[in-house]
Amino acid sequence: MDLPSTSSQSTLQTIAVVGLGTMGTGIAEVLARAGREVVGIDISESATRRATASLAAATARSVARGRLTEEEREGVLARLRTYTELEAAAGADLVIEVVPEEYGLKHRIFTELDAIVRPDTILATGTNALSVTRLAAESQRPERVLGLHFFNPAPAMKLVEVVSSVLTAPPAVEAVTALARDLGKEPVSVGDRPGFVADGLLFGYLNQAAAMYESKYASREDIDAAMRLGCGLPMGPLALLDLIGVDTARTVLEAMYASSGDRLHAPAPILGHLAEAGLTGQKSGRGFYTYAEPGSSETVRDAQTPLEGAGLGEGRPVSSVGVAGSGTMASGIAQVFAQAGYAVVLAARSQEKAEAAKAAIGKSLGRAVSKGRLTEEAAAGTLARITPAGSLDAFAEVDLAVEAVAEDLAVKQELFAALDKICKPGAVLATTTSSLPVIACARATSRPQDVIGMHFFNPAPAMKLVEVVRTVLTSDDVHATVRAVCTKVRKHPVDCGDRAGFIVNALLFPYLNNAIKMVEQHYAGIDEIDAAMKLGGGYPMGPFELLDVVGLDVSLAIEKVLHKEFREPGLAPSPLLEHLVAAGCLGRKTGRGFREYARR
């Protein structure tokens with residue numbers, strides 16, 4: 001019998017879902033709401049009852065919100081029938097398997113299905129880590145076996161990865177792709193490799209976050225806050241690991257490492273320790289965080305929960321701030337301090353540059369007024385608190401000096417040597433570097449104990465995060481001072497040590513680098529990867545959109561710093577990125593990066 005073509009997607013009307021855990025139940029709901037006849041199968045009767053109850057509750061909420069009529073709800077409920085035997089799949093046009101990530105179990109189910117379903121039935125696995133090709137090769141119908149990877153929660157998440165092996169017949173791919181679109185999903189076609197696109201990028205990032213926490217570089221709360229506030233992610237990586245399941249993450253990473261040999265994919269030991277102790281995340285009630293009960297998403301205090309302000313001690317008084325620089329970051333930081341009521345000296349290389357920077361702040365404040373975010377009086381008061389200066393000599397009496405000049409170590413060291421001579425004793429000296437060692441700036445002074453990192457994010461008035469970077473020489477009262485100042489300017493401070501990338505860049509740029517490598521290896525295109533990460537990972541921008549905004553030259557510089565410090569082969573910058581930078585294709589600022597842009 002011929003395989004269905006794209007014009008015959010109506011043949012995929014009866015669909016069996018094998019495994020009625022959270023994912024299987026969600027997929028069954030999506031199918032039933034879309035008018036498909038759904039055969040839900042699980043060896044556990046309690047699982048089948050939970051699936052039915054879950055659909056009843058979800059559709060009742062839809063009726064209460066006016067999204068379904070009661071009659072429509074009854075139709076949806078009638079389309080789900082549950083069973084405890086695989087034989088119930090005999091009449092299915094498509095079977096979607098979503099049992100636990102264990103190859104032996106999946107292989108046994110596929111072998112039994114071969115003897116049960118019709119010759120023209122398509123068999124899909126929901127795996128995100130195991131080999132679709134191997135399952136297909138050991139099936140009696142390899143051309144009809146493929147991967148259909150939904151994302152959790154299936155009713156809400158738009159992405160579906162359609163995974164082909166070298167054995168999969170194109171009409172089978174076309175049929176399930178058409179089905180995915182009919183379900184209101186965005187299908188992305190990918191080849192067979194562990195993690196596919198979205199999880200292949202996501203789990204490497206999650207693994208690095210777990211390793212960062214395990215090394216005690218930063219607290220779990222600070223790692224999660226940094227990635228939420230610094231990158232706009234819906235969840236921090238450690239909270240996301242708890243949601244996914246620590247054991248599931250470990251399984252996926254083991255498969256990725258076996259395939260890639262990249263040490264960045266080797267599961268962080270803490271994942272194994274937690275999994276073996278049964279601390280698998282939300283489903284067990286404890287993982288990286290502790291939860292109110294198993295299955296709950298409500299975190300509760302535990303021994304690692306920090307006490308508010310604990311151990312910070314007394315800081316130094318700060319009433320005036322000096323900001324060195326005339327670029328976007330310097331102007332933004334000066335605006336932040338002035339809006340919070342500080343007297344600000346904005347120093348540039350000339351009086352004209354300083355005046356121009358203040359004028360830029362005036363325009364920024366004007367935009368805030370026009371959008372109703374600020375009153376005219378508040379804007380005028382903010383601008384009045386900023387004094388432009390053409391020399392660092394104006395910093396003689398400031399309590400806090402913040403440099404935001406070029407990301408060049410020699411330039412910064414020269415500036416800190418000047419600040420050392422100009423600023424009064426007891427003044428705190430801060431660098432906004434995102435990639436250079438803070439200690440190198442500190443050692444350019446005679447008072448390294450007064451030097452600290454304050455890494456703001458661009459645009460500074462809008463971004464809530466500040467990475468507070470202590471060196472081995474930074475004094476406790478300087479750290480307490482900067483934490484207090486961050487709170488006063490309504491920023492969220494996170495503590496980290498003085499090493500390349502701090503928290504955000506150390507986790508973000510290896511992920512971006514891996515996305516480029518996927519394109520280099522012809523595994524997926526930039527549009528597919530961007531769509532997968534926005535729809536499947538909840539990222540506000542796809543990696544190639546972000547690279548073009550940040551600037552490919554900036555990205556390459558940060559990746560080189562990370563590679564030099566950590567010496568991990570997997571952190572070596574992608575040759576494609578190096579070639580684009582060498583060609584002058586730097587992203588939006590040059591009109592061409594990974595994409596081309598209309599010149600303004």
Side-chain angles (χ1 to χ4, degrees), residues 316-362 364 382-456 458 460-461 466 468-469 471 473-475 478 481-482 485-486 489 498:
R316 302 178 186 179
V318 175
S319 59
S320 59
V321 178
V323 179
S326 57
T328 304
M329 181 60 83
S331 299
I333 293 171
Q335 179 180 330
V336 166
F337 281 113
Q339 279 188 254
Y342 288 102
V344 177
V345 177
L346 179 55
R349 284 177 294 178
S350 68
Q351 188 68 33
E352 291 76 21
K353 284 184 177 294
E355 296 283 0
K358 181 173 179 178
I361 295 171
S364 172
T382 296
L383 204 58
R385 283 189 284 274
I386 300 173
T387 303
S391 165
L392 289 177
D393 291 338
F395 284 8
E397 295 302 319
V398 300
D399 302 308
L400 166 64
V402 182
E403 71 78 17
V405 299
E407 193 74 344
D408 180 303
L409 184 56
V411 172
K412 290 184 186 291
Q413 287 177 318
E414 183 181 350
L415 186 143
F416 270 84
L419 292 176
D420 187 33
K421 294 181 175 66
I422 293 166
C423 293
K424 66 185 180 182
V428 175
L429 311 182
T431 172
T432 60
T433 183
S434 63
S435 60
L436 301 174
V438 177
I439 191 64
C441 296
R443 290 300 303 275
T445 75
S446 63
R447 39 174 150 175
Q449 71 279 1
D450 292 342
V451 179
I452 195 167
M454 286 185 76
H455 181 212
F456 287 80
N458 205 18
V466 176
V468 178
V469 187
T471 75
L473 300 176
T474 304
S475 69
V478 166
T481 300
V482 168
V485 165
C486 286
V489 299
D498 184 20

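Here the structure is a predicted model, which means the values were calculated and not measured. Side chains are part of it too, since the values below use all heavy atoms of this structure and drop only hydrogens, waters and symmetry mates.
Judged as a side chain to side chain donor-acceptor pair (under 3.5 Å), and not counting sequence neighbours, the contacts of Thr474 are Thr471. Residues that satisfy the side chain to side chain donor-acceptor pair (under 3.5 Å) test with Glu355, not counting sequence neighbours, are Gln351. Partners of Lys353 under the salt bridge (charged side-chain N to carboxylate O under 4.0 Å, His left out) rule, at least two apart in sequence or in another chain, do not exist in this structure.
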Between Ile361 and Leu346, is a side chain to side chain contact (heavy atoms under 4.5 Å, CB included) present by the stated rule, with each step listed?
-> CA-CA 11 Å; Ile361 295 171; Leu346 179 55; 3.9 Å; yes
Report the C-alpha distance between Val428 and Val318 in whole Å, list the side-chain angles of each, state the deciding distance to 0.1 Å, and finish with yes or no for side chain to side chain contact (heavy atoms under 4.5 Å, CB included).
-> CA-CA 9 Å; Val428 175; Val318 175; 5.6 Å; no
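Residues Ala354 and Ala348 come closest through the heavy atom pair N-CB, 3.6 Å. Cys441 and Leu409 get closest at one heavy-atom pair: SG-CD1, 4.5 Å. Residues Asp399 and Ser319 share a closest heavy-atom pair of OD2-N, 2.8 Å. Residue Met454 comes nearest to Phe337 through the heavy atom pair CE-CZ, 4.3 Å, listed as atom of the first residue, atom of the second, then distance. Here the shortest heavy-atom pairing between Ile422 and Phe395 reads CG2-C, 4.1 Å. The shortest non-hydrogen separation linking Leu400 to Ala430 is CD1-CB, 4.2 Å.
Residues Ile439 and Leu473 have side chains in contact (heavy-atom distance under 4.5 Å, counting atoms from C-beta outward). The shortest distance between side-chain heavy atoms of Arg385 and Val344 does not fall below 4.5 Å.
Formation of a donor-acceptor pair under 3.5 Å by the Lys358 side chain with backbone atoms of Ile386 is found in this model. With hydrogens and angles disregarded, no donor-acceptor distance shorter than 3.5 Å links the side chain of Glu403 to the backbone of Lys412. Between the side chain of Glu407 and the main chain of Ser435, a donor-acceptor pair closer than 3.5 Å is present. Between the side chain of Asp450 and the backbone N or O of Leu429 there is no donor-acceptor pair closer than 3.5 Å. Arg316 contributes a side-chain N or O that, together with a main-chain N or O of Gly426, makes up a donor-acceptor pair within less than 3.5 Å. Judged by distance alone, with hydrogens and angles left aside, the side-chain atoms of Arg447 form a donor-acceptor pair with the main-chain N or O of Asp420 at under 3.5 Å.
No more than 12 heavy atoms of other residues, nucleotides or ligands shown are found within 6.0 angstrom of NZ on Lys421.
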